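Bear in mind that the values here come from a model prediction, so they are computed numbers and not experimental data. The residues of the chain are indexed from 1 along the displayed sequence.
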Amino acid sequence: MLEPWQFALVFLGILLLGGILYALTGFISVKKGRVAIIERVGQFVGLYKPGLYYFAPMLYRRVGMYRVGVIKDQYLINRIDYQLTYEIIDVKIYHYVGKHDIEGILRATLKDSRNDLSNVMNKRCEAIGVKFIQLEIIKNA
């Protein structure tokens with residue numbers, strides 16, 4: 001059986017350890033070649049470049065982390081492998097408006113307009129903060 005002073009000491013130790021762990025959850029690390037979107041209570045705060053940041057836990061949170069620079073992704077659509085090359089120009093628009101659905105745009109464009117593919121991709125990508133660079137067919141499956 002613990003004495004009252006021992007119980008108080010253990011209780012304070014647990015509270016102190018819990019407080020330290022809680023405070024450590026406020027660190028957000030943004031890796032090289034990425035950009036993070038931070039919100040405070042659901043409202044946009046800013047875009048953060050690579051580095052280590054501290055924000056008050058539960059008030060601030062990272063809601064998105066995106067690659068910067070030229071991005072090459074592969075998509076399999078109707079048994080055809082496509083390589084899409086693009087660059088995120090406006091991360092905020094891409095996150096909040098574009099719903100980061102570059103594959104959906106590619107699928108819709110391939111379905112709607114095979115003749116003017118490049119121009120349609122340019123317009124649709126521009127609307128979500130993305131610069132369309134190139135679309136290649138890699139192979140038929």
Side-chain angles (χ1 to χ4, degrees), residues 2-141:
L2 291 176
E3 295 290 324
W5 65 272
Q6 291 173 325
F7 176 78
L9 191 61
V10 169
F11 185 74
L12 286 175
I14 290 171
L15 282 179
L16 182 63
L17 181 63
I20 290 171
L21 291 174
Y22 174 75
L24 290 176
T25 63
F27 284 101
I28 294 175
S29 175
V30 181
K31 296 180 181 176
K32 183 178 177 183
R34 306 251 177 196
V35 172
I37 293 182
I38 305 295
E39 287 184 352
R40 180 182 190 269
V41 194
Q43 297 295 317
F44 175 78
V45 171
L47 299 172
Y48 289 81
K49 295 181 179 181
L52 184 64
Y53 302 95
Y54 185 79
F55 298 98
M58 295 177 68
L59 287 178
Y60 292 87
R61 67 186 191 119
R62 186 191 78 203
V63 294
M65 179 88 68
Y66 300 100
R67 290 182 281 177
V68 293
V70 175
I71 301 167
K72 291 184 178 188
D73 283 334
Q74 289 187 3
Y75 302 100
L76 180 63
I77 302 172
N78 298 329
R79 296 188 309 204
I80 300 173
D81 273 328
Y82 293 94
Q83 180 172 314
L84 178 64
T85 306
Y86 62 98
E87 183 177 1
I88 301 172
I89 301 300
D90 191 326
V91 177
K92 186 177 177 183
I93 290 175
Y94 183 69
H95 179 79
Y96 290 105
V97 176
K99 305 290 186 215
H100 20 277
D101 189 20
I102 199 80
E103 182 179 1
I105 287 176
L106 177 59
R107 285 182 182 276
T109 303
L110 289 170
K111 182 181 176 187
D112 295 344
S113 54
R114 287 226 178 242
N115 297 338
D116 199 15
L117 197 63
S118 185
N119 286 336
V120 174
M121 280 298 290
N122 274 327
K123 288 177 186 174
R124 288 182 175 176
C125 286
E126 187 178 295
I128 64 164
V130 173
K131 177 184 173 190
F132 168 73
I133 298 172
Q134 184 178 14
L135 178 64
E136 297 177 78
I137 295 177
I138 297 178
K139 65 177 180 177
N140 291 340

List the atom of [X], the atom of [Y], and the distance in Å for their closest heavy-atom pair.
X: I37; Y: K92; answer: CD1-CA, 4.4 Å
X: G129; Y: I93; answer: N-CG2, 3.7 Å
X: V30; Y: M65; answer: CG1-SD, 3.9 Å

How many angstroms lie between [atom1] in [X] and [atom2] in [Y], if you round to the nearest 0.5 Å?
X: L84; Y: I138; atom1: CG; atom2: CD1; answer: 10.0 Å
X: Q134; Y: Y86; atom1: CD; atom2: OH; answer: 14.5 Å
X: I89; Y: I128; atom1: CD1; atom2: CD1; answer: 11.5 Å
X: D101; Y: E103; atom1: CG; atom2: CD; answer: 7.0 Å
X: L135; Y: T109; atom1: CG; atom2: OG1; answer: 9.0 Å
X: I14; Y: L9; atom1: CD1; atom2: CG; answer: 10.5 Å

| said: Using side-chain contact (heavy atoms from CB on, under 4.5 Å), reason through Y75 and D81 one step at a time and then give a plain yes or no. | reply: CA-CA 6 Å; Y75 302 100; D81 273 328; over 6 Å; no
N/O donor-acceptor pairs under 3.5 Å from side chains in residues 43-61, not counting sequence neighbours:
from : atom 1 : to  : atom 2 : distance (Å)
Y53  : OH     : K49 : O      : 2.7
Y54  : OH     : A23 : O      : 3.0
Y60  : OH     : R40 : NE     : 3.3

| Does the pair V68 and I88 meet the rule for a side-chain contact (heavy atoms from CB on, under 4.5 Å), with working shown? | CA-CA 6 Å; V68 293; I88 301 172; over 6 Å; no
| query | Can you check whether C125 reaches I102 side chain to side chain, under 4.5 Å on heavy atoms? | reply |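 SC-SC contact between C125 and I102 confirmed.
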| Would you find more than 12 non-hydrogen atoms of other residues, nucleotides or ligands less than 6.0 Å from Y22 atom OH? |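 Enclosed.
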